[in-house]
Amino acid sequence: MGGIFAVVSRKNENVVPQVISGLRKLRFKGFDSTGFALIEDGILNVYKEVGWVDIVVEKLGLSERKASIALGQTRYATHGRPTAENAHPFTDCRQRIAVAGDGSIGNYEKIKDQVLMSGHKLQSRSDFEPPAHLLEESLEREDNLLNALETLKEKLEGFYTVSVLDRDTASIAAYSSMTKLYVGVSPNAFYLTNTLTALHGFTDHYIIIDPPETVFVTSEGVNVYSKGHETTPRQVLTLEVDPALVDKGGFPHHMLREIYEAPLSLLRTLYTLQEKYLQLASRLILGADNIYIIANGTSLHAGMVASYYLSELVGVSPVVTSAAEFPLYYVENIGPGSLVVAISQSGETGDVLSSLYEAKIRGATILGLTNYIGSRLARLSNVYLPIAAGPELSVPATKTFTSTLLLLYLVSLAASKESGRIDSITYREKMESVKSVASRLSETMTRMDEEVKKAIIHARNCRGGYIVSRGITYPLALEAALKLKEASYFHAEGVEAGEFKHGPFVLVEKGFMTGFIIPVERLAAEATYPLILSAIEAGASTVVFSLEGDEKLSQIQTEAVSLIRTPRAERHLAPIAYSIPLQLFAYRLGVDLGRPIDAPRYLTKAVLR
């Protein structure tokens, strides 16, 4: 993942300071490394290093550089660790073009092998270096960058943006497979970025580039092409953004931005995972004598959902436990043949790392899942898989949770196919269903948010509450209760629906909230509807989270219940679909109660580089 910001002067003026300033506004897009491509006296030069923009600028003396055309990128590592070699931009062998990207190229391993077999030398493990050489080959056959980019579109798969600085034509070219790009227009310069709010302070006017259109920016103007043909002139829009929201991508809090980013993060996770690493992970699972899943907090709840995935899809029953408890009991059963699946968003969770040291001493194999591939967890793992949600700056984890659920599902699917429990056709169909769910979540996000805003009236004056569910969505009840504590300081408890009347129900009365996540298992759902009626009769403020099209809910007095609907999804993807409105509920309640959303007291994010 990365933030892209490029500037082309219309008056042959130095634009390096503007690129530096533009990248500073893109911290939420990445902060592992920073790179610049400049055309200096007709020569293409690339400067890049590990670290945030200001650190790299000072270290490399970039404030002293001058160029009238420049491309900058700030990165969050998904393919390749955060090193100078893996930082963007990347050049071709002839130093004519520089390429910087955002997102993930799904067929990276395939095109990497193709480029190497053609005799090119790769300096990195980033998925955006091979495209530079594919463009080079096209330009050698026909000196036409537009045609080269059209050819590149046919070869690349995934969820990504490619931006190119071309020395010979003194131009910036770019296209995106799935998201919009923005070109700022001013009397002195043109600005290209993948984040609209980054244009604030440079210009009040911009045009939108829709995927998969290609845009070319030179000192003479902006040209947009679709399928190789130039399009009609674009409408110039007026930029309206609150300056206080610029560093949060136009949102009032990082948490809300990250919830809204979740559908795109799911696609990034899907395309970042390379097939050979999924196969490695699945073979570790199938070959293990016993499997332990260890994590803390939100990651632990994701691990609990994974136990359903592995049990049903693979036929193995892992032990899921808090990393804090693991050394106190389970570690004594670890030995050669044991597989420890360790989940940590930051990769630096203390209890997780301590447990891994103990497990490795006893000969266990480690499968690590982390959103930060430069972490100690990644280094300690025999095999690690990237969560690839992109940087998460709010302390309450949101998009990393949904991406972790997806990653665990994909690993379980791969193991199921490897074991012969599902065939290749079913495997591909289930992979396609992930894209469908991500698309539906994106389409319905605003509608869900509006339903949540109406629903918080049921909780704002309550002294506490329960979140109730059963089956594969029961761990979501625990996660929702945690989010309510973190984001709104609202005391909530996750309860398994079958246990609801075995003690917890005594607290249910007026002034108490009951939230129900309708289970996706038919019998469990049938048993939950009467519990909702009982809570209403007891006077509790009641909120129901359901999948779209639940006809049974029509039997419940809707005036007594606030209903929040999420897109319908197959059983194993339902926890992902349900996560979004649950996170929105915690966020909106926290805002209503005036809580410090992104930085809850006493809590910190392990990785905030």
Side-chain angles (χ1 to χ4, degrees), residues 1-2 4 6 33-39 42-49 69-73 75 77-177 192 194 212 214-216 225 228 271-272 274-277:
M1 183 174 178
I4 297 169
S33 58
T34 307
F36 299 81
L38 315 176
I39 298 180
I43 300 172
L44 174 62
N45 293 318
V46 171
Y47 307 91
K48 55 186 182 178
E49 186 55 86
I69 178 170
L71 168 65
Q73 197 254 22
R75 176 179 185 249
T78 51
H79 288 83
R81 298 176 188 271
T83 65
E85 292 77 16
N86 291 329
H88 298 212
F90 300 99
T91 62
D92 63 326
C93 298
R94 299 189 177 190
Q95 295 289 117
R96 170 180 170 173
I97 59 173
V99 173
D102 176 30
S104 296
I105 296 173
N107 58 340
Y108 159 63
E109 292 290 338
K110 178 181 177 180
I111 62 169
K112 179 189 73 173
D113 292 342
Q114 176 185 335
V115 164
L116 290 172
M117 290 177 65
S118 297
H120 298 278
K121 293 182 179 179
L122 298 180
Q123 307 298 322
S124 77
R125 299 192 65 180
S126 169
D127 50 339
F128 281 91
E129 185 177 11
H133 297 285
L134 292 179
L135 288 172
E136 176 188 0
E137 292 178 356
S138 294
L139 290 170
E140 287 177 353
R141 292 190 297 269
E142 179 188 7
D143 190 8
N144 186 309
L145 184 56
L146 175 60
N147 291 344
L149 285 168
E150 291 300 317
T151 301
L152 186 67
K153 291 177 187 179
E154 297 173 359
K155 293 182 178 180
L156 300 187
E157 300 172 4
F159 173 72
Y160 66 91
T161 297
V162 168
S163 60
V164 182
L165 188 156
D166 180 17
R167 177 198 63 199
D168 288 5
T169 60
S171 65
I172 300 286
Y175 78 89
S176 180
S177 66
L192 171 71
N194 57 346
T214 302
V215 61
F216 276 79
Y225 299 85
Y271 287 117
T272 296
Q274 301 297 303
E275 194 66 30
K276 74 173 186 180
Y277 294 107

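Residue numbers start at 1 and run along the sequence shown. This one's a predicted model, so the numbers in the text were calculated from it and none came from an experiment.
The distance from atom CD1 of I4 to atom OG of S163, rounded to the nearest 0.5 Å, is 4.0 Å. A distance of 13.0 Å separates CD in E157 from OG in S104, rounded to the nearest 0.5 Å. H133 NE2 to S118 OG: the interatomic distance, rounded to the nearest 0.5 Å, is 10.5 Å. Expressed to the nearest 0.5 Å, how far CG of L156 lies from CD1 of I105 amounts to 5.0 Å. For the atom pair E137 CD and E142 CD, the distance stands at 14.5 Å (nearest 0.5 Å). Here CD1 of I111 is found 7.5 Å from CG of L152. Values are rounded to the nearest 0.5 Å.
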request  = Take K153 and T214, measure what side chain to side chain donor-acceptor pair (under 3.5 Å) needs, and give me the verdict at the end.
outcome  = CA-CA 10 Å; K153 291 177 187 179; T214 302; 2.7 Å; yes
ask   = Is there a side chain to side chain contact (heavy atoms under 4.5 Å, CB included) between K48 and Q73 once you walk through the steps?
value = CA-CA 9 Å; K48 55 186 182 178; Q73 197 254 22; over 6 Å; no
request  = Apply side chain to side chain contact (heavy atoms under 4.5 Å, CB included) to the pair Q274 and N107, showing each step before the final yes or no.
outcome  = CA-CA 7 Å; Q274 301 297 303; N107 58 340; 5.9 Å; no
task = Applying side chain to side chain contact (heavy atoms under 4.5 Å, CB included), run through L139 and I97 and close with a yes or a no.
result = CA-CA 10 Å; L139 290 170; I97 59 173; 4.2 Å; yes
ask   = Do V115 and L134 pass the side chain to side chain contact (heavy atoms under 4.5 Å, CB included) test, and can you show the C-alpha distance, the side-chain angles, and the key distance before you say yes or no?
value = CA-CA 7 Å; V115 164; L134 292 179; 3.9 Å; yes
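When every heavy atom of P89 is checked against every heavy atom of V46, the shortest pair comes out as O-CG1, 3.8 Å. Of all heavy-atom pairs between P130 and L122, the closest is CG-CD1, 4.3 Å. Scanning all heavy atoms of the two residues, the minimum distance from L165 to A37 falls at CD1-O, 3.4 Å. The shortest non-hydrogen separation linking L71 to A6 is CD1-CB, 3.8 Å. Closest non-hydrogen pair, A173 versus L145, comes out as CB-CD2, 4.1 Å. T78 approaches R75 most closely through the heavy-atom pair N-NH2, 4.0 Å.
Formation of a donor-acceptor pair under 3.5 Å by the H88 side chain with backbone atoms of G101 is found in this model. In this structure, E129 contributes its side chain and F90 its backbone to no donor-acceptor pair below 3.5 Å. Distance alone, capped at 3.5 Å, is enough to place a donor-acceptor pair between the S126 side chain and the F128 backbone.
Residue pairs meeting the salt bridge (charged side-chain N to carboxylate O under 4.0 Å, His left out) criterion with at least one member in residues 107-123, sequence neighbours excluded: E109-K112, E109-K276. Identified under the salt bridge (charged side-chain N to carboxylate O under 4.0 Å, His left out) test for residues 84-103, with sequence neighbours left out: K29-D102, R94-E140, R96-D143, R96-D166, R96-D168.
The ring-ring contact (aromatic ring centres under 6.0 Å, His included) search around Y225 returns F216, not counting sequence neighbours. Applying the ring-ring contact (aromatic ring centres under 6.0 Å, His included) test to Y175 and every residue at least two apart in sequence or in another chain returns Y160. Listed by chain and residue number, nothing satisfies the side-chain contact (heavy atoms from CB on, under 4.5 Å) test with E154 (two or more places apart in sequence, or in another chain). Every side-chain hydrogen bond (donor to acceptor under 3.5 Å, both in side chains) that E275 has, sequence neighbours left out, goes to Y427. In this structure Y108 satisfies the ring-ring contact (aromatic ring centres under 6.0 Å, His included) test together with H79, sequence neighbours excluded. Scanning for side-chain contact (heavy atoms from CB on, under 4.5 Å) contacts around S176 gives T161, T179, L181, with sequence neighbours left out. Remark: S138 pairs with R141, A148, T151 by the side-chain contact (heavy atoms from CB on, under 4.5 Å) rule, at least two apart or across chains. A search for side-chain contact (heavy atoms from CB on, under 4.5 Å) contacts involving T34 returns L23, F36, V53, V56, T74, not counting sequence neighbours. Residues satisfying the salt bridge (charged side-chain N to carboxylate O under 4.0 Å, His left out) criterion with E49, sequence neighbours excluded, are K59. K155 is linked by a side-chain hydrogen bond (donor to acceptor under 3.5 Å, both in side chains) to nothing, counting only residues two or more places apart in sequence or in another chain.
Contact of the I172 side chain with the V164 side chain is not registered, since no non-hydrogen atoms from C-beta on lie closer than 4.5 Å.
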